[in-house]
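In what follows, chains are A, B, ... by sequence order, proteins preceding strands, each numbered from 1.
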Amino acid sequence: GQQVMQIPQYQHVQEGEDFTTYCNSSTTLSNIQWYKQRPGGHPVFLIQLVKSGEVKKQKRLTFQFGEAKKNSSLHITATQTTDVGTYFCAGGAGTASKLTFGTGTRLQVTL
Amino acid sequence: GAGVSQSPSNKVTEKGKDVELRCDPISGHTALYWYRQSLGQGLEFLIYFQGNSAPDKSGLPSDRFSAERTGGSVSTLTIQRTQQEDSAVYLCASSLVVGSGGAYVTQYFGPGTRLLVL
């Protein structure tokens with residue numbers, strides 16, 4: 001079945017440093033979504049990418065969908081302590097509603 | 001309601017007992033999903049409903065797990081004869097499925113039910 005892997009599993013940065021998490025699917029995706037889960041919280045939708053090579057920005061966050069639609073990345077510029085949490089990518093295939101969630105990257109930011 | 005709600009928020013049970021977890025999706029959302037998340041782990045897909053039917057039950061770990069959805073709204077996840085390894089947070093999500101070719105499948109998650117099996 002479809003598998004979605006993320007690297008790294010965990011990253012610890014100092015506030016102000018940049019952070020990137022990478023998402024790789026074993027199959028071609030129709031869309032990719034990103035979610036953030038704060039410690040003790042539930043996943044919250046951040047963004048959806050649909051087009052090959054698409055790049056979207058949300059303030060300090062930049063999301064990219066690969067040309068082959070099998071990988072994606074999330075880059076955070078100048079991290080802040082509010083960025084702490086686990087970032088999950090989730091891939092959709094075809095028109096089915098089911099998403100396959102990635103393994104997640106836990107980000108820790110210290111002053 | 002404004003968001004997905006789940007009850008109970010916490011459940012402590014003894015090994016061997018049955019538990020029922022409830023999910024109330026966002027009004028009008030036709031798709032409903034159950035996930036399990038063990039401590040510090042990712043999201044493990046359990047089952048997905050489209051309306052009252054479950055096209056994908058592939059994630060249910062064993063026949064002790066079952067789920068139903070009635071009236072295209074509330075869903076219950078039942079775990080029979082609970083085991084200690086069932087301890088986890090059970091998350092429910094719902095989405096509005098627009099249709100083929102342009103489906104918006106953004107999932108909105110509830111706060112989860114923390115299940116502890118002693």
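Contact of B:Leu43 with chain A is made through backbone and side chain together, with heavy-atom distances under 4.5 Å. For B:Glu44, no part lies under 4.5 angstrom from a heavy atom of chain A. In this structure, chain B has a heavy atom under 4.5 Å from the side chain of A:Gln37, while its backbone stays farther away. Heavy atoms closer than 4.5 Å to chain A are found nowhere in B:Tyr108, neither backbone nor side chain.
Partners of B:Arg81 according to the salt bridge (Lys or Arg N to Asp or Glu O under 4.0 Å) rule, which considers only residues two or more places apart in sequence or in another chain, do not exist here. With sequence neighbours left out, B:Glu68 forms a salt bridge (Lys or Arg N to Asp or Glu O under 4.0 Å) with no residue at all.
B:Ser87 is listed as a side-chain neighbour of B:Val117, based on a closest heavy-atom distance under 4.5 Å. Looking at heavy atoms from C-beta onward, A:Gln80 lies in side-chain contact with A:Glu15 at the 4.5 angstrom threshold. In this structure, the side chains of B:Thr78 and B:Gln80 come closer than 4.5 Å at one or more pairs of heavy atoms.
In summary, the side chains of B:Tyr35 and B:Gln37 do not present any donor paired with an acceptor at a separation below 3.5 Å, with no hydrogens or angles considered.
Among the residues in residues 100-109 of chain A, those with a non-hydrogen atom closer than 4.5 angstrom to a non-hydrogen atom of chain B are A:Phe101, A:Thr103.
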Just list the side-chain donor-acceptor pairs under 3.5 Å for residues 2-15 of chain B, sequence neighbours left out, or say none.
unit_1 : atom_1 : unit_2   : atom_2 : d
B:Gln6 : OE1    : B:Cys92  : N      : 3.0
B:Gln6 : OE1    : B:Gly112 : N      : 2.9
B:Gln6 : NE2    : B:Tyr90  : O      : 2.9

- A:Thr20/A:His75 under side-chain hydrogen bond (donor to acceptor under 3.5 Å, both in side chains): CA gap, chis, key distance, verdict: CA-CA 4 Å; A:Thr20 304; A:His75 180 81; 2.6 Å; yes

